[in-house]
Amino acid sequence: MLNATVLTEYVSAHPGELDAVIAKEAELLKKIHSTHFSHSILPPMKDRITREVRSGLADLFDEKALSEFEKAIAGMPDADTMIHGDFQMRNIMIDKAGKLVLIDLGFACIGHPIFDLASMMPLTRVLHGIATEREIAAVNGISSEEEFLQVQQMNALAYRAWRKMLSIYFDETEEENLDNIEQRILVYSYALYLCAFSVILRGQREPLIRLTLKSLYDRFYDRRDEIGSLSEWWKV
């Protein structure tokens, strides 16, 4: 049995080590993205995204909208880079020697590395201007003020960790440049969260959820032309 602790639990118990842990996490992600596989071993992430959005959200979007989504994703540059598919602290363990160990490779695919980073962007950042922190908390069953304040603290910590990850991964310290990188990644986060919600919220169509999904699609649609320019700023 692996003698290790899930990274989320480790960071909660050792908050002072957050930056050091994120540095290790960023290096692990870079190592994953230096690994390459053929289509016969791992499926393309682009195929998974379009398949799940079409099957999970067909009741919300007409054929034209779904086709536009597929066309935009298909326009991304192809790559044989390994993608974890769900790279987050809950899917990483740390052993007694401080070594990180990946778990849960069920979503492993190949494609452009931006997909992993896009999936890591905090939900509150992706839904900024679409749903408030309270609305997101309510959908997740958080009702008391005490629980909400805890969620707020966790959200703030998640965003700090996200920015630190970007800084290390791209070897960038200027906040303005990090803002620009985040904006570039955001359009892919819209697509990935649509994909994730198509599975997680399958069949759930409360007014807020319906509005959130449609707003996510609208933001993706408005910026879909940026998909094709990915290889201009990030070659793999």
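Only this structure's heavy atoms are used, side chains among them; waters, hydrogens and symmetry mates stay out.
Residues Ile83 and Leu42 have side chains not in contact (no heavy-atom distance under 4.5 Å, counting atoms from C-beta outward). Residues Lys214 and Phe61 have side chains in contact (heavy-atom distance under 4.5 Å, counting atoms from C-beta outward).
Glu70 and Arg51 are not joined by a salt bridge, as no carboxylate oxygen comes within less than 4.0 angstrom of a charged side-chain nitrogen.
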Could you pull out all donor-acceptor pairs under 3.5 Å where a side-chain atom in residues 228-236 meets a protein atom, sequence neighbours excluded?
unit_1 : atom_1 : unit_2 : atom_2 : d
Ser229 : OG     : Glu226 : O      : 2.8
Lys235 : NZ     : Ser231 : O      : 3.3

Listing, residues 154-165 side-chain donor-acceptor contacts under 3.5 Å, not counting sequence neighbours, or none:
unit_1 : atom_1 : unit_2 : atom_2 : d
Asn155 : ND2    : Glu133 : OE2    : 2.8
Asn155 : ND2    : Val151 : O      : 3.4
Tyr159 : OH     : Glu182 : OE1    : 2.9
Tyr159 : OH     : Glu182 : OE2    : 3.3
Arg160 : NH2    : Asp19  : OD1    : 3.0
Trp162 : NE1    : Glu182 : OE1    : 2.9
Arg163 : NH1    : Asp179 : OD1    : 2.9
Arg163 : NH1    : Glu182 : OE1    : 3.4
Arg163 : NH2    : Glu175 : O      : 3.4
Arg163 : NH2    : Glu175 : OE1    : 2.8
Arg163 : NH2    : Asp179 : OD1    : 2.8

Atom pairs and distances, side-chain donor-acceptor, residues 190-198, under 3.5 Å, sequence neighbours left out:
unit_1 : atom_1 : unit_2 : atom_2 : d
Tyr193 : OH     : Met121 : O      : 2.7
Ser198 : OG     : Glu52  : O      : 3.1
Ser198 : OG     : Cys195 : O      : 2.5

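Arg48 pairs by the side-chain hydrogen bond (donor to acceptor under 3.5 Å, both in side chains) definition with nothing, not counting sequence neighbours. With sequence neighbours excluded, no residue forms a side-chain hydrogen bond (donor to acceptor under 3.5 Å, both in side chains) with Glu176.
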Show your working on side chain to side chain contact (heavy atoms under 4.5 Å, CB included) between Leu100 and Tyr10 and close with a plain yes or no.
CA-CA 11 Å; Leu100 300 189; Tyr10 182 86; over 6 Å; no
Worked check of side chain to side chain contact (heavy atoms under 4.5 Å, CB included) between Phe115 and Ile49:
CA-CA 10 Å; Phe115 280 130; Ile49 291 173; 3.3 Å; yes
Checking Met82 against Leu105 for the side chain to side chain contact (heavy atoms under 4.5 Å, CB included) test, could you report, in this order, the C-alpha distance in whole Å, the side-chain angles of both residues, the deciding distance, and whether it holds?
CA-CA 11 Å; Met82 180 182 177; Leu105 290 166; 4.2 Å; yes
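Looking at every heavy atom in both residues, Met89 comes nearest to Thr8 through CB-CG2, 3.5 Å.
The side-chain hydrogen bond (donor to acceptor under 3.5 Å, both in side chains) contacts involving residues 79-90 comprise His36-Asp80, Asp86-Gln88, Asp86-Asn91, Gln88-Arg90, where partners must be two or more places apart or lie in separate chains.
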